[in-house]
Amino acid sequence: MKTMLMAVCMGLSGAVLAGDLQIEGKTALSEGDAASAIIKFTEAAKVNPFDPAALNNLAVALAAQGNYEKALETLERAYRLAPTRGDIQANLQSMRTWVARNAPQIQLKESKVKPVVNTYPDADIPPEPPPLWKK
């Protein structure tokens, strides 16, 4: 009985810790500090690697920092864990669409090769990625 009680308490403390990390990550992201948000959301995902909310939030922070392919991979994992969550479905669909349309330009930008001229009507860089973080 004592062992079971300790296990429950440890589980609850992990849940509280993950929740606090999520709050800290959301705060950092809302303040424009994607790097700190990634750290917090990664820690939350380590506490519970099967938490789709932590993975969704991590993906949003990764996208905010420009790591679109890792963000897409993380969103796909979150979707596999919670295929009925509307926020994750919407974020995944938006990111898939954006990456599919802009992936060649992203690769050129990352490899330091000059962008292809006239690819986009307003500029030679891809448009901003979709807003995944709905306020």
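All of these numbers come straight from a predicted model, not from anything done at the bench.
Note: the hydrophobic cluster containing Leu75 also contains Tyr68 (ILVMFWY, side chain heavy atoms under 4.5 Å, direct or indirect links). There is a path of hydrophobic side-chain contacts, each under 4.5 Å, that joins Trp98 to Leu72. Taking hydrophobic clusters as Ile, Leu, Val, Met, Phe, Trp and Tyr residues chained together by side-chain heavy-atom distances below 4.5 Å, Tyr79 shares a cluster with Val99.
Here the CZ-CG distance, from Phe41 to Asp51, works out to 11.0 Å after rounding to the nearest 0.5 Å. Separating the CD1 atom in Ile38 from the CD atom in Gln65 is a distance of 3.5 Å, to the nearest 0.5 Å. To the nearest 0.5 Å, the span separating CG on Asn57 from CD1 on Ile88 amounts to 8.5 Å. Between the CD atom in Gln89 and the CG atom in Asn56 there is a gap of 11.0 Å [rounded to 0.5 Å]. Put simply, CG on Asn67 and CD on Glu73 are 9.0 Å apart, with the number rounded to the nearest 0.5 Å. Rounding to the nearest 0.5 Å places NZ of Lys46 at 10.5 Å from CG of Leu58.
There is a side-chain donor-acceptor pair under 3.5 Å between Gln93 and Thr97.
Nearest heavy atom pair, residue Gly25 against residue Ala37, reads O-CB, 3.4 Å. Scanning both residues, Lys40 and Leu21, for their nearest heavy atoms gives CB-O, 3.5 Å. In this structure, Pro49 and Leu81 approach most closely via the heavy-atom pair O-CD1, 4.0 Å. Shown here for Arg85 and Ala53, the closest heavy-atom pair between the two residues is NH1-CB, 3.6 Å. Ala61 approaches Ala34 most closely through the heavy-atom pair O-CB, 3.9 Å.
Between Glu24 and Glu43 there is no side-chain heavy-atom pair separated by less than 4.5 Å.
A donor-acceptor pair is defined here as one N or O able to donate and one able to accept, closer than 3.5 Å; no such pair exists between the side chain of Ser36 and the backbone of Asp33.
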